[in-house]
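Step one of this worksheet: look at the structure below.
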Amino acid sequence: MELKLYNTYKRVKEVFTPLVNSKVSMYTCGPTVYDFAHIGNFRTFVFEDLLKRWLLHLGYDVVHIMNITDVDDKTIAKARNLEVALNTITDYYYKCFLQDARWLKILPANKYPRATGSIDKMIEIIQSLLNNGFAYREPDGSVYFRIKSFSDYGKLSKINVLNQKKTKRIETDEYDKDTPNDFALWKGWKEDDGDVVWNSPWGKGRPGWHIECSAMSMENLGEHFDIHCGGVDNIFPHHENEIAQSVCFSGEKFVNYWLHSEFLMIDDEKMSKTSLNYLTVKDLKKKNFSAESVRYQLLSGHYRTKLSFSTKKKQQSDKAVHRIYEFHLMLINKGALDIKSDKLPNSYYIFADCMNDDLNTPKAIAEFFTWMKLMTKKINQNKSLTSDEIGAAWNYLVIFNDIFSFINQNKNIIPANVMDLIRKRDIARSKREWGYADEIRSQIKELGWLIDDTPDGQKVKKA
RNA sequence: GGCGUCGUACCCAAGUGGCUUAAGGGACCGGUUUGCAAAACCGUUAUUCGCCGGUUCGAAUCCGGCCGACGCCUCCA
């Protein structure tokens, strides 16, 4: 089965064919580094990571660019409030973002270009748009894109701009634009911008939001590339505007596949900074979430459906991830690491079909669990599995984990103090000093490790 | 007002015309195992898919209406 992806532009699943055979160019809208990213933001980043991992698994060479928005109203406002330079803020939150992403096991992008690093390219694009009548200047030094000049405007979001309800913002903005929906390519300098300013052919100022993604994507991936992702809230206006600018600039098609992930909800409402109902990675760590458990929650729903994240579901995701962990230990006990095999169980092919069907992760995970249950049954019943079967199972598990990263390998590293206690408990148990053994068990628990007494002796694992 | 998504068991969540008298996970209950415990494993749990009509030999799946939830319409992943 070929990979099919749901293209927002056409609103149907399409067979994925890259522009260049076996190579995929992928641009994903990254964070605005004015604060910590929340788990809702990370839902999208984890989805994009999953897409990339699947493409890699299918054998594609993926070039992944994720931009960092380091100049906009919010970053400027924060720097101003704290009375520090803009890059003091953006450097700090950029670093935090990378740390959080690493904790969530998101594979790094090939490059994280920053908006402030591409001002020249933005100016080049804006100048060209002005020269060709797609944009116009205003007396305050701003440059606007003229949406009437682009007949496909609104095609991605299916929005007819002339039909829209007028929000307060548009009403107050209207005086200085041809059409209220024209958007800023360049914002003329205002006092609030302070020293955040660049020179341009049309005066001092700073770039508008949308232009940065056109500049950075074209600079790094060319004027026409394969995949562009983001959250659904980026469909309009951000991606709509990107298309307008980019196509009018290059005269070429901009992006072949637009993919958008749905929102992460919390208490039935969109998680967002303005609603103050968000959780950061820091919050999750405080609540004792493992990265694997968080990933499970984020990937156990399809990326195009709204998903509720909740600490109440922690037990569910902890348990599910734990079972996979136990299963992987079981295979190791069966000597999986010493077997060399290039076979795969049949379940893998069903799993792959699910993934190829627009990344149907819930179905793919369900298939994996069904197979896992069958395998554990066989192993527990001591049916003699051939080494080929074990090898094939292991290969499948490795692939599954390459895609989902639900297994925490660090769990296998036991600290020395815990090891000491385990040895003491072994002795106590052999002397049948049950009271003392129980006491040691609770000491170990306090250190964050759990003991399983099995026929083969004690087994330790991270709580 | 325009555009769009969704409503499946106690909870999460697939399925979008017959392979399903509805996957998978969690929880619960029962069992195996165990010094105890935990874990693990085994088993049970929706004749039914928001409601009402219609199309069809056949619908959770298509159509219409209604109810409910949510999102976008220039801060937003």
Side-chain angles (χ1 to χ4, degrees), chain A residues 8 11 28-32 34 37-48 72-74 77 154 157-167 169-170 173 180-184 208-210 229-238 240-241 260-265 268-275 296-297 300-302 304-310 312-324 326-327 329-330 354 360-373 376-377 379-381 429 432-435 437-438 441-442 445 450-455 459 461:
Chain A
T8 307
R11 313 267 163 154
T28 61
C29 284
T32 302
Y34 74 106
H38 60 66
I39 190 65
N41 302 130
F42 278 113
R43 180 194 187 181
T44 296
F45 303 142
V46 167
F47 147 67
E48 291 158 351
D72 82 316
D73 291 352
K74 282 184 283 196
S157 54
K158 289 195 166 177
I159 281 177
N160 177 352
V161 284
L162 303 171
N163 225 341
Q164 295 306 299
K165 191 176 176 178
K166 282 190 185 173
T167 62
R169 186 178 186 114
I170 286 178
D173 267 6
N181 299 284
D182 285 352
F183 58 91
W209 173 36
H210 318 294
C229 306
V232 284
D233 52 342
N234 279 160
I235 296 172
F236 191 87
H238 187 50
E240 195 70 71
N241 293 351
H260 294 95
S261 61
E262 253 298 346
F263 284 128
L264 189 66
M265 315 294 282
D268 286 332
E269 271 186 34
K270 173 182 162 184
M271 186 181 284
S272 73
K273 285 281 164 62
T274 37
S275 317
Y296 184 88
Q297 276 207 35
S300 62
H302 189 257
R304 281 191 292 112
T305 65
K306 292 180 186 74
L307 179 74
S308 289
F309 187 90
S310 96
K312 284 181 216 148
K313 283 159 81 175
K314 181 175 181 293
Q315 190 198 9
Q316 287 188 30
S317 47
D318 282 356
K319 192 75 188 282
V321 158
H322 178 73
R323 276 186 54 197
I324 299 167
E326 287 286 331
F327 178 69
L329 288 186
M330 194 184 263
C354 298
N360 192 335
T361 51
K363 205 174 174 184
I365 293 170
E367 173 54 33
F368 182 82
F369 269 107
T370 306
W371 168 81
M372 194 174 94
K373 199 169 186 172
T376 36
K377 204 175 206 169
I379 292 171
N380 277 323
Q381 287 172 353
R429 271 166 50 86
R432 308 193 135 251
E433 292 169 356
W434 306 126
D438 289 352
R441 182 163 61 198
S442 52
K445 194 177 177 184
L450 297 177
I451 296 289
D452 293 349
D453 289 326
T454 73
K459 293 249 166 80
K461 65 191 177 201

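Reckoned from all heavy atoms, side chains included, excluding hydrogens, waters and symmetry mates. Every chain is numbered from 1, with letters handed out A, B, ... down the list of sequences.
- Within the shown strands, nothing qualifies as a pairing partner of U44(B) under the Watson-Crick or G-U definition with both distances less than 3.5 Å.
- Listed for the D438(A) side chain is no donor-acceptor partner under 3.5 Å among the backbone atoms of G435(A).
- You cannot call F369(A) stacked on the base of G24(B); the centres under 5.5 Å and planes under 30° rule is not satisfied.
- Separation of the P atoms belonging to A69(B) and G64(B) is 22 Å when rounded to the nearest angstrom.
- When heavy atoms are screened at a 4.0 angstrom cut-off, Y296(A) is found touching the sugar-phosphate backbone but no base atom.
- Distances were taken from every side-chain heavy atom of D438(A) (C-beta onward) to each of C36(B), U74(B), A38(B); the shortest belongs to C36(B).
- Not one side-chain nitrogen or oxygen of N234(A) sits closer than 4.0 Å to the OP1 or OP2 atom of C72(B).
- If you check C72(B) for Watson-Crick or wobble pairing at under 3.5 angstrom, you find it paired to G2(B).
- Taking NZ of K459(A) as the start and CG of L329(A) as the end, the distance is 7.5 Å to the nearest 0.5 Å.
- Distances from the side chain of A366(A) to the nucleotides C70(B), A23(B), A39(B) place A23(B) closest.
- Each of I451(A) and C29(A) was assigned the nucleotide of RNA chain B with the nearest heavy atom; the assignment lying further toward the 5' end belongs to I451(A).
- Phosphate contact (OP1/OP2 of C36(B), side-chain N/O of R432(A), threshold under 4.0 Å): absent.
- In this structure, G230(A) reaches the sugar-phosphate backbone alone: every heavy-atom distance under 4.0 Å involves primed, P, OP1 or OP2 atoms, never a base.
- Base engagement by K306(A) is indicated by at least one non-hydrogen atom pair under 4.0 Å involving a base atom.
- The base-pairing partner of G58(B), taking Watson-Crick or G-U wobble contacts with both distances under 3.5 Å, does not exist among the strands shown.
- Within 6.0 Å of atom CZ in R11(A), more than 12 heavy atoms from other residues, nucleotides or ligands are found, so the atom counts as buried in its surroundings.
- Residue K459(A) has no polar side-chain atom (N or O) positioned under 4.0 Å from OP1 or OP2 of A39(B).
- Taking atom CZ on R323(A) and atom C1' on A27(B), their separation rounds to 13 Å, with Å as the unit.
- Mapping R304(A) and D453(A) onto RNA chain B via the closest heavy atom, the residue that lands nearer the 5' end is R304(A).
- When heavy atoms are screened at a 4.0 angstrom cut-off, H260(A) is found touching no nucleic acid atom at all.
- Applying the Watson-Crick and G-U wobble criteria (two distances, each under 3.5 Å), G53(B) pairs with C63(B).
- When heavy atoms are screened at a 4.0 angstrom cut-off, L264(A) is found touching base atoms of the nucleic acid.
- With both pairing distances under 3.5 Å, U34(B) is matched to nothing as a Watson-Crick or G-U wobble pair.
- For the OP1/OP2 pair of A38(B) and a distance below 4.0 Å, the side-chain nitrogens and oxygens of K445(A) include no atom meeting the criterion.
- Of the candidates C73(B), G4(B), A77(B), the closest approach to any side-chain atom of K158(A) belongs to G4(B).
- For the pair K273(A) and Y34(A), the distance from NZ or CZ to the six-membered ring centre is under 6.0 Å and the angle to the ring normal is within 45 degrees.
- Atom CG of N241(A) is separated from atom C1' of C75(B) by 14 Å (rounded to the nearest Å).
- An OP1 or OP2 oxygen of C76(B) is reached within less than 4.0 angstrom by no side-chain nitrogen or oxygen of T44(A).
- At the phosphate of G43(B), OP1 or OP2 sits under 4.0 Å from a side-chain N or O atom of K377(A).
- In the model, T274(A) has a side-chain atom that pairs as donor or acceptor with a side-chain atom of S272(A) under 3.5 Å.
- Pairing for G17(B) is absent, judged as Watson-Crick or G-U wobble with the two contacts each under 3.5 Å.
- Ion pairing between E262(A) and R304(A) fails under the 4.0 Å rule for side-chain N and carboxylate O.
- Distances shorter than 4.0 Å separate none of the side-chain N or O atoms of Q316(A) from OP1 or OP2 on C11(B).
- In this structure, T370(A) reaches the sugar-phosphate backbone alone: every heavy-atom distance under 4.0 Å involves primed, P, OP1 or OP2 atoms, never a base.
- Pairing for A39(B) is absent, judged as Watson-Crick or G-U wobble with the two contacts each under 3.5 Å.
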